[in-house]
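Read the structure below first, then the notes.
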Amino acid sequence: MAMELHKFHGGLKLETHKTITDDIVATQHPLPARIILPLRQHIGIPSEPIIKVGDHVLKGQTIARANGYVSIPLHASTSGKVIDIGDYPVPHPAELSATCIVIEPDGEDKWCDISPTHEYASVDPKKLQDVIRDCGITGLGGAGFPAHVKLNEGVRNVVDTLIINGVECEPFITCDDRLIQEKADYVVAGTQMIRHAVQAKHCVIAVEDDMPEAYEALAKLVSDDIELIKVPARYPAGSEKQLIQVITGKEVPSGGLAIQIGIVMHNVATAASVYRAVTRGEPLISRYVTITGKVEAPRNLQVLLGTPVIDCLKACGYEPNDNHCIILGGPMMGMNVTNPEIPITKTTNCILVEKKKNVTIEMPCIRCGACVDVCPIKLLPQQLYWHARSDNLEEAQRYHIFDCIECGCCSYVCPSNIPLVQYYRYAKSQIAAEERRRDGADHARARFMAHEARHDQDQQADSDDLPLLADPESDVQAKKDYIDEAVKRTRQKRGKQQTKPEDKSGK
Amino acid sequence: MVNKLDIISSPHKHDGSTVSSVMLRVCLALVPGILCYLWFFGIGIVIQCMLSIGFALIIEALMLKLRHRSLRIYLHDGSAIVTALLFALMITPFSPWWISLTGVTFGLVFAKHLYGGLGYNPFNPAVTGYIFVLLCFPVLMNHWPLPTGLFNQSNNATYTLNKIFSSAVAIPSQSVDLSIDNTTVINDVNSLSGATPLTHMQTQIQSMEMISEIKTDSMYGNFGGKGWEWISFAFLLGGIGMIWMKIISWRIPVTVLGSLFLTSMVFNFYDADIYASPFFHLFSGGTMLCAFFIATDPVTASTTPRGRIIYGCIIGLTAYVIRVWGAFPDGIAFAVLIANSLVPLIDRYTRLKVLGES
Amino acid sequence: MLGVDPAIAVSKRIEATYNLCILMLIVAPVTAVITYLLHFYVLLPLDLAYLQLISFVLTISATIMIMEWFIRKLKPALHERIRLYIPIVIANSTVTGIALLNIKTNIGVVGSFLSGLGSAIGFGLVLLVITSMRERIIDADVPMPFQGVAMLLITLGLMSMAFLGFTGIVVIK
Amino acid sequence: MIGFIFVLVIGVLFVLSYYPRRRSVSDTQRFERRLHQKIDSIDSLLPQTQCGKCDYSGCRPYAEAIARGNADINQCPPGGELTIRAIANLLGRDPVPFPADKKIDSQSFTALIDESLCIGCVKCIPACPVDAIIGSRQMMHTIIKQNCTGCELCIEPCPVDCISMVPVWTRSKEWVWSKPGSILEN
């Protein structure tokens, strides 16, 4: 059934720079000197290590246990010795360090015993989810949402359409494009498995119209029940809400999930890794990464997770140059990296070496509305900026600041060069911090009440038995009388004893 | 741990547009109008433009020094130049030099820098200055040249220069021999004072004349004032160019002109003798200038798409009301200022429906 | 801009303005009618027209007090909202202004009711405009000496300059 | 003469209209209750550090002082700019900037006991308003990091002065983006 496509509001026509790397075959990146695996490479609770420093691990062996429902296990990318479990810099805007497992490869790259499941169709969906979860598969599109959670949502409510998202709208990035061209069978098989897991009525694979080879590769293998669609190339067509609007015309409810309108979306790379997990039992230990921009030999690499970024860059001929900056991800949503020692994680899809953006002076906002025209979520960026700038966080929430997907279109077109996305990130993190502070305050008040109550209780207990002494404020005179009286009483008692035996001396 | 301040946030590319390039393109769009003005009313307009731009830059520099902002960035953003140009186009080419000084100062100081400079002012500085001057010196503001061509003796350089710099208030009613090199004497009452077609139309209507008779007067061209219609047409071209260059959104000019056109058409059907034809309203006075350049000033106009439509209608309607029943001939300047004061209210209630909002 | 003096005090937050407008909508028409009746059927027959002003002020505050008493009994929720603004409305020149205007143009009982309603709505609109303008000015980068009310007064000045454009439209006989 | 009678009548009516107000004796209680509600709502906005940096013994007394009107809304350094704005919104007042002398500590701190110096004198335990210090006589004391609000009340009673304030180590979840240093302020 040919679905006619819809348009989404705003968006940008960017020149894609994809031709640099989209026709070069992806090569396998050799073993790096050290593998650094952060325990938290997904949205959710970090996993817990189950091995100790000094253990010898095999390739694919589970080295960290999932900790809670929204969490996934971690697997060793190669065989080697665990040399450290400690704090190392991880991909984060401020390069904070987080606990990581560091493995020193021994070069044998020996697989541990893996247990493939046979005919996936006969296996009931619930068991399929456990397999996917145990192989540590998250969304590889860039968000890093644990795949089994989405599948589980799929089982609980009726899934109308499963969309496999091969739309790479960010410039420079071609890792999904190469993956489809080289491993189209993995993708199609993986799609059928996910479809079986969520029992979706329709199934769609979406590709951008400037990826013709990928389209042909899929068209050959696609059976009749999977719909293959070419989506017009327009940034940010690849984002979940926009792609759903383009394909189905439905809008994901504001602040809600796609599942609420019966749609589940997975990335092409996730589908491929699901295929490998189910049929061959291989956990997610490597992925395609595009190395592009100002390097001699830009191309796609199949990289083991945990390889330091500098390693991949050196493989493509990169020499450090201070007016170049390294960006993890695309130019529109990527993260600036100053310390290239950080490892490649499950959500890294591209390493871009770009000329540093010249320092542009931020002018005041002239409310020209250019950002309103390009915002794909139909927000009002200039009002959000106005409230974020003046710390008016309730107003910012009233203008739906949490719906912003930080795609960067507004900052791209702003004539005053305002870093709008940074203002929105500031506002969002400030609101989250405010909520944490408030919870902390309530917690502190509760403890303070308990403290006061216990304090009063102690006082009450003290003052019951020694009314005067316990009461610190009673005036000194009352205390003196009490003491004199006590002394008199003791003297009398002593006096009585003395008068009995030596009555005479008592006079 | 990277120092917090020098973390560069995510969009690492920019399409290269800057505020000064936007303002420059607005000035370019104004040029055809100014050329027409020059052609019909002599070089008076050019002198006025020079004057007001000069004053505007001086005041802008002074205010920036006072607010100890760096001059280099803010003086080049061109917003002062645009304000000055618009102001010069609204006042009469014959108005003395101190008119543009007071107008530009009031506009820039009170309507812009007091609120914090570019981007914070709710009122358009050019219009505020113009209205301040209009209210303070009404006589001088009704002192327009005649569309008799560039080289006609009453519009040539020496005459206008001495009028701007040396003349006290010229008494329009007397017929005074002004020809320095004793060419023909001008004695027609209107030739000196020269009312704009709008003012002339309004005064005649109030004295119960029929429109058909008024139109016979020499100053009326085919659908607007003789010179005025072409100037308005030039501004229309400039405006369409700006929309094409995506500097302004089409919503405000279309709604302003549309609502003005509709109301005047309705009243025209009702009684053609009292109410002028829609074309006359569109192509006379400052309508085109205001609709394309002043109402669409992004800082003071409404920003939400729906808000802009309401904003435009308010301007169109109020302009018509003031023109026909009010005391001021060209009410569009007042209409823009009134609409500016309603903008915060409009913006509050025309919030865009977010994607997926019920 | 008659009687907008409470706007400066109240119009910090938009909820406060809504409450004041609701109260105004309730109070103004009722007081207009009562003062109109009072004038034509009590003052004139007893030719006490000179007592017009003092009696108006007294009756208006009396009616408002009684209405407040009713509202507290009938709809406590509504009363909770408008409780704060009753002193403002009692001494407000708009209410007395409407009453005097009605008398001057003696437009009949229904006319005075409508004029009361109309000016209440007008009052509400002006208040809304001022409040939203004020919320925009608070975040503007205003130099220190002009912070707060000074800036609001300058803006009101500019606004009234804009509304001067309407001179000559309403010709008062 | 009639005029005099008339004004008398109106005056009586006026006084009568005040009658419903006086009859409800519960007015004072209602005022008390409303004041109490106001104190609660202000108190809910304060950071509850009970640190006393606002020259009041704790957060609730400071909230009461604001409610009664004899304290300004900008005397709470731990609360910072956001608390001022929140209270200003609640009371419908204009936000007041911080006085120059009160240092706004943007970084949040927690206390840390230098274990080599602590002699186990149990003097700091009652001083901590939120019981964040564990320890007993002649035993080592330590501070529970999550519960400590950084109010610095435990520093003063410690005889050997072994308590110091250390910045809170931000985990990636709690990291806050900074507002871009805009050029306007230069």
Side-chain angles (χ1 to χ4, degrees), chain A residues 8-9 12 14 93-97 171 241 245 251-256 325 327 329 331-336 338-339 352 354 357 360-361 363-370 372-373 376-380 382-383 398-400 403 406-409 411-417 419 421-422 425, chain B residues 1-23 25 69-70 72-74 76-77 79 115-122 246-249 251-252 296-305 307-308 343 347-348 350-358:
Chain A
F8 62 88
H9 178 269
L12 292 170
L14 297 176
E95 250 123 56
L96 295 175
S97 42
K241 294 188 178 185
Q245 195 174 6
E251 287 183 7
V252 177
S254 148
C325 63
I327 297 170
M332 293 303 279
M333 288 179 85
M335 195 184 340
N336 195 338
T338 41
N339 152 20
L352 173 64
E354 196 47 51
K357 191 166 107 171
T360 47
I361 298 129
M363 295 285 288
C365 158
I366 57 170
R367 298 167 71 88
C368 59
V372 178
D373 305 338
I377 312 283
K378 290 196 278 187
L379 295 169
L380 289 172
Q382 75 275 30
Q383 301 287 46
R398 207 166 67 81
Y399 277 94
H400 289 274
D403 284 6
E406 294 169 13
C407 60
C409 292
S411 311
Y412 183 82
V413 292
C414 175
S416 301
N417 278 307
V421 179
Q422 189 168 352
R425 283 189 173 143
Chain B
M1 171 90 165
V2 180
N3 172 352
K4 244 185 188 178
L5 287 177
D6 51 32
I7 298 170
I8 305 167
S9 171
S10 74
H12 303 285
K13 285 174 75 171
H14 190 267
D15 67 354
S17 61
T18 61
V19 176
S20 38
S21 72
V22 168
M23 297 297 175
R25 272 181 271 164
R69 293 277 171 71
S70 87
R72 187 174 46 75
I73 305 157
Y74 282 85
H76 297 310
D77 71 7
S79 61
Y115 289 97
L118 178 69
Y120 293 97
N121 47 345
K246 279 214 178 335
I247 299 166
I248 50 170
S249 85
R251 283 186 172 78
I252 296 184
T296 57
D297 165 22
V299 177
T300 51
S302 160
T303 51
T304 54
R308 283 188 173 143
V343 157
D347 275 359
R348 167 179 285 281
T350 57
R351 195 168 55 76
L352 213 57
K353 267 271 175 298
V354 173
L355 185 75
E357 202 176 349
S358 56

Sub-4.5 Å side-chain heavy-atom contact between [X] and [Y]:
X	Y	result
A/P415	B/T18	no
B/T304	A/L380	yes
B/L355	A/D403	no
B/H12	A/M335	no
A/E251	B/V354	no

Heavy-atom cut-off 4.5 Å, strictly under: side chain, backbone, both or neither for [X] against chain B?
X	value
A/I327	side chain
A/V252	backbone
A/P253	both
A/E354	neither
A/C368	both
A/R398	both

Which portion of B/K246 sits near chain A, non-hydrogen atoms under 4.5 angstrom: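 No part of it gets close to chain A.
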
Under 4.5 Å from a heavy atom of chain A, the part of B/V19 involved: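 Both parts, backbone and side chain.
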
Could you state the interatomic distance from [atom1] ([X]) to [atom2] ([Y]), rounded to the nearest 0.5 Å?
X	Y	atom1	atom2	value
A/M363	B/D77	CE	CG	4.5 Å
B/D15	A/S411	CG	OG	11.0 Å
B/R348	A/Q383	CZ	CD	10.0 Å
B/S79	A/I366	OG	CD1	9.0 Å

Start with the C-alpha gap between A/R367 and B/D297, add the side-chain angles, then the distance that decides, and say whether salt bridge (Lys or Arg N to Asp or Glu O under 4.0 Å) holds. CA-CA 9 Å; A/R367 298 167 71 88; B/D297 165 22; over 6 Å; no

Identify, with sequence neighbours excluded, every residue that meets side-chain contact (heavy atoms from CB on, under 4.5 Å) alongside A/P331.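 Result, side-chain contact (heavy atoms from CB on, under 4.5 Å) vs A/P331: A/E170, A/P171, A/F172, A/L352, B/K13.
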
